[in-house]
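A quick write-up on the structure given underneath.
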Number of protein chains: 2
Amino acid sequence: MEIQIDIDGKAPLFAQVIAQIKKAVSEGELSAGDPLPSIRQLASDLEINNKTVAKAYNLLERDNIIQTKGYRGTYVHPSAIENCTADLNAWVIAELGKSINAFRDADVTDSEIRIAFTDVMNRHSSNGQSSSEPNSSGQNTA
Amino acid sequence: MEIQIDIDGKAPLFAQVIAQIKKAVSEGELSAGDPLPSIRQLASDLEINNKTVAKAYNLLERDNIIQTKGYRGTYVHPSAIENCTADLNAWVIAELGKSINAFRDADVTDSEIRIAFTDVMNRHSSNGQSSSEPNSSGQNTA
DNA sequence: TATTGTACCCCTACTTCATAGGGTACATTT
DNA sequence: AAATGTACCCTATGAAGTAGGGGTACAATA
């Protein structure tokens with residue numbers, strides 16, 4: 001394993017870890033079933049926090065690049081190579097790009113788009129209320 | 001014109017101005033062609049900044065609720081009533097909501113969605129670069 | 001007992017953004 | 001000269017999100 005981490009880099013540490021492991025899988029340095037260093041192990045090797053490595057591992061497992069087997073450690077997923085190229089992120093970017101382009105074509109302000117976005121994100125799965133109704137208990141009048 | 005502004009309210013001042021004018025149009029207090037107070041005028045009446053009113057007026061004009069005629073002042077748009085109900089914001093929220101629900105169903109992290117979003121927003125119309133490629137001038141190795 | 005991944009709690013720092021304001025200036029037209 | 005909308009400079013505040021760290025604890029297993 002040759003994981004390179006640039007602490008001063010602009011990319012988040014957990015993202016670098018993910019990219020490095022994906023790269024190792026793509027280039028064949030890591031094959032299906034190969035064991036990965038434990039979270040604590042890799043964290044101390046890279047001199048970063050456990051939680052940072054744990055975050056990277058969690059995302060990698062979600063994408064079926066690796067497989068955690070509890071107390072038995074973490075291993076490269078059987079179909080890691082295929083899932084390695086499947087970029088979930090690219091799909092999200094493409095989808096959002098389409099919507100945002102449509103918004104901008106309709107002269108929607110970037111600021112408005114951002115506000116609407118955080119609006120949607122913050123009503124996790126429950127209810128929803130619009131954000132443009134001022135609650136008149138007014139003071140100044142014209 | 002009876003515009004109520006709640007300075008201590010949670011809703012942004014410019015949004016309150018917009019809502020109030022829309023309300024006035026909807027309720028018939030303002031009809032097509034009616035003159036609106038000048039930016040400076042309304043600002044001083046409400047004791048808020050010129051730019052705040054200007055912002056509200058700009059958005060209202062974009063939505064064809066009002067019409068600015070340069071030095072001749074600002075007037076209610078001929079088809080203000082119809083455009084008053086058309087909520088551009090609601091459309092944006094609905095569209096984003098559909099996409100975001102799909103992302104979440106695919107187990108995409110909220111954090112990842114947010115990152116992808118700002119990613120897309122920041123490449124205004126020019127180029128685009130992905131945000132997951134660490135620039136190895138690395139320091140720590142494992 | 002040691003190690004595995006995992007799940008909590010607390011905390012910090014940094015960045016980005018929206019909002020709001022202050023001020024000055026401009027061309028245009030009355 | 002006065003008023004119109006508009007554009008530009010500057011500031012400050014607050015909220016939200018992200019990254020990272022420290023610590024402690026758990027069940028399961030060797």
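Here the structure is a predicted model, which is why all the values come from computation and not from measurement. Just so we're on the same page: letters track the sequence lines, and every chain starts at 1.
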Identify whether any heavy atom of B:T118 sits under 4.0 Å from a base atom; if not, whether one sits that close to sugar-phosphate; answer base, sugar-phosphate or nothing. nothing
If you go through the side-chain atoms of B:K51, does one of them form a donor-acceptor pair with the base of C:dG22 closer than 3.5 Å? yes
Roughly how many Å is it from CG in B:L42 to C1' in D:dA3, rounded to a whole number? 16 Å
Please report the distance, rounded to the nearest Å, between NZ in B:K10 and P in C:dA20. 13 Å
According to a strict under-4.0 Å criterion, is B:N58 in side-chain N/O contact with OP1 or OP2 of D:dG5? no
For D:dA30, take OP1 and OP2 only and decide whether either is under 4.0 Å from a side-chain N or O of A:R72. no
Okay, side chain of B:Q20, backbone of B:I5: is any donor-acceptor separation there less than 3.5 Å? no
Hey, which of these two, B:L13 or A:N50, hits DNA chain C nearer its 5' end, going by closest nucleotide? A:N50
Distance check: side-chain N/O of B:S111 vs OP1/OP2 of D:dT18, anything under 4.0 Å? yes
A:D119 CG to C:dA18 C1', straight-line distance once rounded to whole Å: 13 Å
To the nearest angstrom, how far is A:N122 atom CG from D:dA15 atom P? 14 Å
So does B:N83 get a backbone contact from the side chain of B:N64, meaning a donor-acceptor N/O pair under 3.5 Å? no
State, yes or no, whether a side-chain contact exists between A:I113 and B:M121 at a heavy-atom distance under 4.5 Å. yes
What nucleotide among D:dG20, C:dT30, C:dT19 has an atom nearest to a side-chain atom of B:Y71? C:dT30
Base, sugar-phosphate, or nothing: which does B:E61 touch, judged by heavy atoms less than 4.0 Å apart? sugar-phosphate
A:T68 side-chain N/O to C:dT6 phosphate OP1/OP2 under 4.0 Å: yes
Out of C:dC17, D:dT6, D:dG21, which nucleotide sits closest to the side chain of A:I48? D:dG21
Among the candidates D:dG21, C:dG21, D:dT18, find the nucleotide nearest to the side-chain atoms of A:T52. D:dG21
Check each of A:I65, A:L13, A:D63, A:L60 against A:I18 using the side chain to side chain contact (heavy atoms under 4.5 Å, CB included) test, and report the only one that passes. A:L60
Would you indicate which nucleotide in D:dT6, D:dG17, C:dT19 comes nearest to any side-chain atom of B:K55? C:dT19
Keeping B:Q41 on the side-chain end and B:S38 on the backbone end, is there a donor-acceptor pair under 3.5 Å? no
Is there a donor N/O on one and an acceptor N/O on the other, under 3.5 Å, for the side chain of A:R40 and the base of C:dT6? yes
Nearest-Å distance, CD (B:Q67) to C1' (D:dG5)? 14 Å
Nearest whole Å is fine: how far is C:dT16 C1' from B:I115 CD1? 13 Å
With under 30° as parallel and over 60° as perpendicular, where do the rings of B:F117 and A:F117 fit, or are they tilted in between? parallel
Check every strand shown and say whether B:K69 touches a base, only sugar-phosphate, or nothing at a heavy-atom separation below 4.0 Å. nothing
Just how far, in rounded Å, is P of D:dT24 from CG of A:N49? 14 Å
Whole-Å distance between D:dT4 P and B:Y57 OH? 10 Å
